[in-house]
Amino acid sequence: MGILKESENVVLFEVKTDGMTVEEVLFENNISGRLFRKLKREKSIFLNGANVKRTKKTKKGDIISIVLEDEIDNTIPQNIPLDIIYEDYDLLVLNKAANIVVHPTKSHVDGTISNGVSYYYRNKNIKKKIRFINRLDMDTSGVLILAKNSFSHQQMALQFQENTVIKKYLAIVEGVVLKDEDIIDLPIGREEEKSIKKVVTKDGKRAITKYNVIKRFKDSTLLEVQIYTGRSHQIRVHLNHIGHPIIGDTLYNKPSDLINRQALHASQLVAKHPRTNEKIEFNAPLPLDIKNMMKSLKDSETI
């Protein structure tokens with residue numbers, strides 16, 4: 001058997017140093033113990049095309065291949081339009097619309113992004129499970145990334161865990177924010193045990209949010225927001241806490257005549273590609289409802 005070729009189901013690693021075991025090379029390439037055990041169990045690890053034991057010694061220039069088996073996903077396929085920003089062997093990047101849930105829940109059993117992805121995968125003969133790398137609230141639009149295999153999911157999840165991913169949002173908040181920029185470093189936890197609402201509380205988990213003022217209007221402000229942690233509702237909670245809740249956020253603020261959802265958009269995500277380690281940057285343009293809202297605010301602008 002010759003050296004396996006890189007493909008949707010095959011990932012290659014070139015050995016850089018003599019004398020390392022197959023297992024050591026894969027761990028050096030950030031393969032998790034869990035994924036390694038799965039690959040070992042499925043006999044999906046190859047050295048120069050031959051199935052080998054994890055303790056097999058390698059030499060510089062050898063090629064280790066991992067084979068990612070086809071998978072079955074039981075999500076109900078539905079023809080829901082997807083705005084695809086980017087796609088390759090490992091990633092599917094979407095510009096998520098507002099007012100749609102990412103994955104099925106008790107209150108939203110279908111009509112979700114997951115159902116749309118399932119339909120897309122089946123049409124494209126992509127035999128993989130649906131794995132979201134980041135999550136967006138139902139009413140938040142913007143960059144949403146899925147991993148198309150267990151390898152890319154594990155590699156991307158590690159970057160999120162280590163907070164090396166740059167995540168930027170655009171938000172329109174109530175009131176004129178006076179500071180041009182600031183960092184909010186305050187812990188977030190549940191308001192009550194069974195409540196979905198979160199609050200700043202000393203018993204919560206650390207959460208860090210940075211904002212920059214992009215534009216000041218008469219009674220509101222457009223902010224660029226970057227989060228350094230990934231707490232649920234983090235931006236909404238922090239901005240509400242400093243007295244500038246997001247316009248249209250019915251959980252932390254009140255309904256708005258200008259927009260029928262929270263004016264929050266995931267505008268940019270920067271990370272390393274799971275297979276190549278090269279920098280990847282994804283940008284989602286502002287949706288029409290936020291553009292129209294800004295036009296209304298600009299028409300009444302006095303600052």
Side-chain angles (χ1 to χ4, degrees), residues 80-81 83 94-113 116 134-144 167-178 184 186 188-201 204 207 209 211-225 227 230-267 284-303:
I80 295 169
D83 183 358
L94 307 176
N95 180 12
K96 177 190 172 294
N99 304 312
I100 184 168
V101 173
V102 169
H103 56 90
T105 63
K106 286 181 181 179
S107 54
H108 296 87
V109 294
D110 59 11
T112 71
I113 297 289
N134 67 324
R135 302 290 175 97
L136 297 176
D137 295 332
M138 175 179 176
D139 293 338
T140 302
S141 55
V143 179
L144 183 67
K167 297 163 282 185
K168 291 185 177 180
Y169 296 72
L170 292 172
I172 303 178
V173 300
E174 283 197 357
V176 178
V177 179
L178 299 179
I184 307 166
L186 294 169
I188 291 174
R190 285 192 186 278
E191 184 178 49
E192 298 172 0
E193 191 176 334
K194 293 185 179 179
S195 173
I196 62 168
K197 197 170 182 180
K198 305 295 177 66
V199 292
V200 169
T201 169
T209 304
Y211 70 77
N212 293 279
V213 170
I214 303 297
K215 182 77 174 172
R216 293 183 176 95
F217 300 99
K218 181 182 178 182
D219 298 308
S220 57
T221 309
L222 172 64
L223 301 176
E224 180 184 74
V225 182
I227 55 174
R231 307 300 172 210
S232 181
H233 297 184
Q234 178 174 324
I235 296 172
R236 299 162 69 187
V237 173
H238 271 171
L239 293 178
N240 180 53
H241 184 79
I242 65 169
H244 295 286
I246 296 172
I247 294 175
D249 187 343
T250 55
L251 184 61
Y252 296 98
N253 194 6
K254 58 186 182 296
S256 169
D257 294 334
L258 295 174
I259 193 166
N260 69 352
R261 51 103 171 192
Q262 62 213 25
L264 181 63
H265 177 71
S267 56
L286 273 176
L288 188 60
D289 60 351
I290 293 184
K291 283 183 178 177
N292 288 339
M293 179 184 179
M294 288 179 64
K295 185 176 183 302
S296 298
L297 293 171
K298 191 173 181 181
D299 289 344
S300 64
E301 181 183 357
T302 60
I303 293 180

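Basis for what follows: all heavy atoms, side chains included, without hydrogens, waters or symmetry-related copies.
For the pair Leu297 and Ser220, the tightest heavy-atom approach, listed with the atom from each and the gap, is CD2-OG, 3.4 Å. Across Ala98 and Asp139, no two heavy atoms sit closer than the pair CB-O, 4.1 Å. Across every non-hydrogen atom of Leu136 and Val143, the tightest pair is CD1-O, 3.6 Å. The two residues Ala171 and Leu239 have their closest heavy-atom pair at CB-CD1, 4.3 Å. Between Ile188 and Thr201, the closest heavy-atom pair is C-CG2, 4.2 Å. Pro104 and Val109 make their closest contact through CB-O, 3.7 Å (heavy atoms, listed as atom of the first residue, atom of the second, distance).
Using a 4.0 Å cut-off between a side-chain N of Lys or Arg and a carboxylate O of Asp or Glu, Lys254 and Glu174 qualify as a salt bridge. A salt bridge is defined here as a Lys NZ or Arg NE, NH1 or NH2 lying under 4.0 Å from an Asp or Glu carboxylate O, and Arg236 with Asp137 meets this definition.
Between Arg231 and His238, the closest side-chain pair of non-hydrogen atoms is not below 4.5 Å. You'll find the side chain of Tyr252 reaches within 4.5 Å of the side chain of Lys198, heavy atoms only. Between Ile80 and Ile113, every side-chain heavy-atom pair lies at or beyond the 4.5 Å cut-off. Between Arg190 and Ser195, the closest side-chain pair of non-hydrogen atoms is not below 4.5 Å. Contact of the Ser141 side chain with the His265 side chain is registered, since non-hydrogen atoms from C-beta on lie closer than 4.5 Å. Residues Val225 and Thr209 form a side-chain contact, since some pair of their non-hydrogen atoms from C-beta on lies under 4.5 Å apart. Looking only at side-chain heavy atoms (C-beta outward), Ile184 and His241 stay at 4.5 Å or farther from each other. The closest side-chain heavy-atom distance from Asn99 to Asn260 is below 4.5 Å.
A donor-acceptor pair shorter than 3.5 Å cannot be found between the side chains of Arg261 and Thr140. Using modelled atom types, one finds a donor on one side chain and an acceptor on the other under 3.5 Å when comparing Arg135 with His103.
Checked options Ile247, Asn253, Ile246; the residue passing with Gln262 is Ile246 (criterion: side chain to side chain contact (heavy atoms under 4.5 Å, CB included)).
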Query raised in the report: What do the steps show when you test Leu223 against Val177 for side chain to side chain contact (heavy atoms under 4.5 Å, CB included), and what is the final call?
Result: CA-CA 9 Å; Leu223 301 176; Val177 179; 4.2 Å; yes
Query - Asp83/Leu94 under side chain to side chain contact (heavy atoms under 4.5 Å, CB included): CA gap, chis, key distance, verdict - result: CA-CA 6 Å; Asp83 183 358; Leu94 307 176; 6.0 Å; no
Requested in this report: Tell me, with the steps shown, if Leu144 and Val102 meet side chain to side chain contact (heavy atoms under 4.5 Å, CB included).
Outcome: CA-CA 9 Å; Leu144 183 67; Val102 169; 4.2 Å; yes
Query raised in the report: Checking side chain to side chain contact (heavy atoms under 4.5 Å, CB included) for the pair Ile172/Ile290: CA distance, chi angles, key distance, verdict?
Result: CA-CA 9 Å; Ile172 303 178; Ile290 293 184; 4.0 Å; yes
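Between the Thr221 side chain and the Arg216 main chain, no donor and acceptor come within less than 3.5 Å of each other. The backbone N or O of His108 lies less than 3.5 Å from no partner atom in the side chain of Thr112, so there is not a single donor-acceptor pair.
With rounding to the nearest 0.5 Å, the separation of CE in Met293 from CG in Leu222 is 9.5 Å. Remark: Ile235 CD1 to Tyr169 OH distance equals 5.0 Å, nearest 0.5 Å. In this structure, NZ on Lys197 lies 11.0 Å from NE2 on His233, to the nearest 0.5 angstrom.
Taking the six-membered ring for Trp and the full ring otherwise, His244 and Tyr211 have centroids separated by 6.0 Å or more.
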